[in-house]
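Data first, discussion second: the structure below is written as structure tokens.
By convention in this document, chain letters (A, B, ...) are assigned in the order of the sequence lines, proteins followed by strands, and residues within each chain are numbered from 1. Excluded from the calculations below are hydrogen atoms, water molecules and symmetry mates; all remaining heavy atoms, backbone and side chain alike, are included.
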2 protein chains.
Amino acid sequence: MRPALAATTTQARPAVAMMQGAAPRSTGEPQGVSLRLAKDEELFAEGEPAEYFYRVVSGTVRTCKLLSDGRRQIDAFHLPGDIFGIEACAEHRFSAEAVADATVMAYRRSSLDRLTREHPAFGEQLLSSMLRNLQRAQDHMLLLGRKNAKEKIASFLLDLAQRLHERDHVELPMQRNDIADHLGLTIETVSRTLTEFARSGLIALAAGSRSISLVDKVALKFLNA
Amino acid sequence: MRPALAATTTQARPAVAMMQGAAPRSTGEPQGVSLRLAKDEELFAEGEPAEYFYRVVSGTVRTCKLLSDGRRQIDAFHLPGDIFGIEACAEHRFSAEAVADATVMAYRRSSLDRLTREHPAFGEQLLSSMLRNLQRAQDHMLLLGRKNAKEKIASFLLDLAQRLHERDHVELPMQRNDIADHLGLTIETVSRTLTEFARSGLIALAAGSRSISLVDKVALKFLNA
DNA sequence: CGGCTGCTTGAGTGTCTTCAACCATTGTGG
DNA sequence: CCACAATGGTTGAAGACACTCAAGCAGCCG
């Protein structure tokens with residue numbers, strides 16, 4: 001793993017340009033710049049020029065949109081390996097923040113062509129990642145538009161477990177607030193639904209309520225519809 | 001416009017392979033196969049091999065997902081010029097049907113590389129169309145997750161007017177049912193909200209309730225948040 | 001005409017939200 | 001070291017928004 005500089009202060013914008021990554025290896029990985037993000041630190045904001053795109057190295061990043069009155073929708077949580085922040089136009093269409101301390105690699109958008117030419121594997125990874133993002137968005141629209149609270153939570157837990165390569169246990173990287181804004185619910189409904197799941201034996205809640213055991217995956221999958 | 005064969009029967013799957021388009025012109029447009037779709041005719045189904053992707057020539061196409069109990073979410077309505085049906089994997093992740101009689105061009109997915117090489121303009125169109133689809137999906141997630149019925153309808157009308165290049169009038173290509181399944185509402189709520197908009201002078205409903213005048217665009221945009 | 005489809009309208013219900021209080025944990029400063 | 005505030009989470013009661021169920025209306029076509 002390459003050395004990474006800690007961002008100067010929490011909530012400050014990390015200065016990408018100032019932190020050069022290690023020299024590019026001639027094989028495999030293309031050059032990128034490593035960035036460390038503190039919890040809730042903003043990587044980029046909606047409307048900002050989309051100079052870079054990113055890949056998560058460790059931790060979790062959320063991308064979200066805001067309504068004028070503060071209502072928030074979290075488009076996606078990005079886990080290690082995920083690529084995000086590529087845009088059709090010159091500006092970012094959503095903002096990105098670290099859910100908890102995280103490390104990301106930044107790549108210049110302008111060097112996209114060169115990157116994919118010199119590192120075809122990276123290019124494929126990038127394209128498939130983009131299409132996967134689109135697929136996730138489409139699946140998520142079904143969830144947001146047509147599922148009820150129980151189904152939303154069940155889908156969310158199963159999906160997260162799978163993406164974290166876990167069989168029957170999830171260590172939530174994000175808090176209730178983020179889950180609510182991702183699923184189109186309120187924090188109270190998220191909490192209530194989880195405790196109801198626990199009461200009826202579908203899951204088991206543990207220490208600090210961030211650790212969840214998927215006790216009855218069959219029942220959860222049934223809710224997943 | 002190229003000659004197009006009518007599909008044999010309504011509801012029957014159009015036989016793409018049998019209908020060759022006109023010979024490719026040496027300039028501009030790449031070769032494709034023209035297809036005519038009757039109202040509600042299915043172009044492809046969820047889970048089906050993604051052998052082709054498509055561009056709308058005339059009419060409107062909807063792409064949608066279904067839940068096991070029949071609940072439906074319409075991902076998007078595709079208007080003339082829009083490209084849809086490109087997938088990350090070998091299978092379609094949603095189904096596509098004609099909202100009303102429509103014409104589409106079908107392109108072999110396998111010839112994608114050649115197409116973009118020989119017709120760079122088409123390639124750019126394709127990439128930008130894909131990214132636009134992603135953007136629309138992200139905007140739509142905000143709508144589905146965080147907007148109420150009035151805001152959903154207002155956003156929908158304004159968006160549709162813009163995409164149809166109209167200033168203050170929309171000729172709805174789809175029926176209430178489709179609107180409901182697109183916005184995560186029921187048909188009754190769509191109807192009620194439209195009549196309420198009409199009563200309060202935001203819009204004017206006309207003949208057959210498919211024709212809508214956007215009377216007070218300022219108020220509608222305000223609801224758009 | 002009668003049946004069909006698409007749309008509207010009404011009444012009653014339910015799910016989720018809102019508002020509010022409370023609890024647990026953590027970190028800080030006197 | 002403890003009091004205190006701050007943060008994140010849970011729980012309860014009341015209310016609202018959208019849904020469900022049901023009926024009715026308008027246009028269309030055989």
Side-chain angles (χ1 to χ4, degrees), chain A residues 10-11 38-40 62 67 69-73 99-101 143-154 156 170-200 203-212 223, chain B residues 10-11 38-40 62 67 69-73 99-100 143-156 171-200 203-212 223 225:
Chain A
T10 302
Q11 298 294 7
K39 175 166 148 58
D40 291 327
R62 63 173 176 252
L67 247 33
D69 63 355
R71 280 174 288 176
R72 184 178 67 152
Q73 176 66 37
V99 166
D101 295 5
L143 179 147
L144 290 172
R146 286 300 176 215
K147 292 187 182 179
N148 62 29
K150 285 183 190 177
E151 293 168 338
K152 284 178 177 179
I153 298 283
F156 175 71
V170 183
E171 202 65 37
L172 295 178
M174 74 292 286
Q175 56 192 45
R176 301 289 187 265
N177 229 327
D178 290 329
I179 299 177
D181 284 347
H182 183 51
L183 301 182
L185 298 171
T186 60
I187 179 176
E188 294 95 333
T189 302
V190 171
S191 181
R192 268 187 261 269
T193 306
L194 283 174
T195 53
E196 190 187 331
F197 278 4
R199 252 200 300 273
S200 45
I203 63 173
L205 290 165
S209 60
R210 289 290 187 91
S211 180
I212 297 183
L223 277 177
Chain B
T10 302
Q11 297 293 6
K39 177 166 147 60
D40 292 327
R62 62 175 176 253
L67 246 34
D69 63 355
R71 280 174 288 176
R72 184 179 69 152
Q73 175 65 39
V99 166
L143 179 147
L144 290 171
R146 288 297 177 218
K147 292 187 182 179
N148 61 32
K150 285 184 192 176
E151 294 166 339
K152 285 178 176 179
I153 297 283
S155 301
F156 175 72
E171 202 65 37
L172 295 179
M174 74 292 288
Q175 57 191 47
R176 302 289 188 264
N177 229 328
D178 290 329
I179 299 176
D181 284 347
H182 183 51
L183 301 181
L185 298 171
T186 59
I187 180 177
E188 294 96 334
T189 301
V190 171
S191 181
R192 268 187 261 268
T193 306
L194 284 174
T195 53
E196 190 188 331
F197 277 4
R199 252 199 301 271
S200 46
I203 63 173
L205 290 165
S209 61
R210 289 289 187 91
S211 181
I212 298 183
L223 277 176

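Taking 4.0 Å as the cutoff to heavy atoms of chain A, we find the contact window on DNA chain D bounded by D:dG8 to D:dA13. On the nucleic acid side, DNA chain C contacts chain B at distances under 4.0 Å to non-hydrogen atoms, with the end points of that region at C:dG6 to C:dA11.
Remark: B:R146 pairs with A:D181 by the salt bridge (charged side-chain N to carboxylate O under 4.0 Å, His left out) rule, at least two apart or across chains. Under the rule for a side chain to side chain donor-acceptor pair (under 3.5 Å), A:T193 has no partner lying at least two apart in sequence or in another chain. Applying the side chain to side chain donor-acceptor pair (under 3.5 Å) rule to A:K147 yields the partners A:S155, A:N224; only residues at least two apart in sequence or on another chain are considered. By the side chain to side chain donor-acceptor pair (under 3.5 Å) test, B:R71 is found to be paired with A:E151, B:D69, residues two or more places apart in sequence or in another chain being considered. With sequence neighbours left out, B:S200 forms a side chain to side chain donor-acceptor pair (under 3.5 Å) with no residue at all. Judged as a side-chain contact (heavy atoms from CB on, under 4.5 Å), and not counting sequence neighbours, the contacts of A:A204 are A:S213, A:V215.
Pairs passing the salt bridge (charged side-chain N to carboxylate O under 4.0 Å, His left out) check and including a residue from residues 187-196 of chain A, sequence neighbours excluded, read A:K150-A:E196.
Between the A:E171 side chain and the A:I212 main chain, no donor and acceptor come within less than 3.5 Å of each other.
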Decide side-chain contact (heavy atoms from CB on, under 4.5 Å) for B:F156 and B:L172; before the verdict, give the C-alpha distance in whole Å, the side-chain angles of both, and the deciding distance to 0.1 Å.
-> CA-CA 11 Å; B:F156 175 72; B:L172 295 179; 4.3 Å; yes
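Across residues 145-152 of chain A, not one residue has a non-hydrogen atom less than 4.0 Å from an atom of DNA chain D. Near-neighbour residues of DNA chain D inside residues 181-193 of chain A, defined by a heavy atom below 4.0 Å, number-ordered: A:E188, A:S191, A:R192.
Taking every heavy atom of both residues into account, A:L144 and A:G184 meet most closely at CD2-N, 3.8 Å. Residue A:K39 comes nearest to A:V99 through the heavy atom pair CG-O, 3.6 Å, listed as atom of the first residue, atom of the second, then distance. When all heavy atoms are compared, the tightest approach of A:R62 to A:D178 is NH1-OD2, 3.2 Å. In plain terms, the two heavy atoms of B:L183 and B:K152 that are nearest each other are O-NZ, 3.0 Å. When all heavy atoms are compared, the tightest approach of B:A154 to B:L223 is CB-CB, 3.8 Å. In terms of heavy atoms, A:T189 sits closest to A:A149 at CG2-CB, 3.8 Å.
If one axis is set at each end of the helix from C:dC1-D:dG30 to C:dG30-D:dC1 from five pairs, those axes are 20° apart, to 10°.
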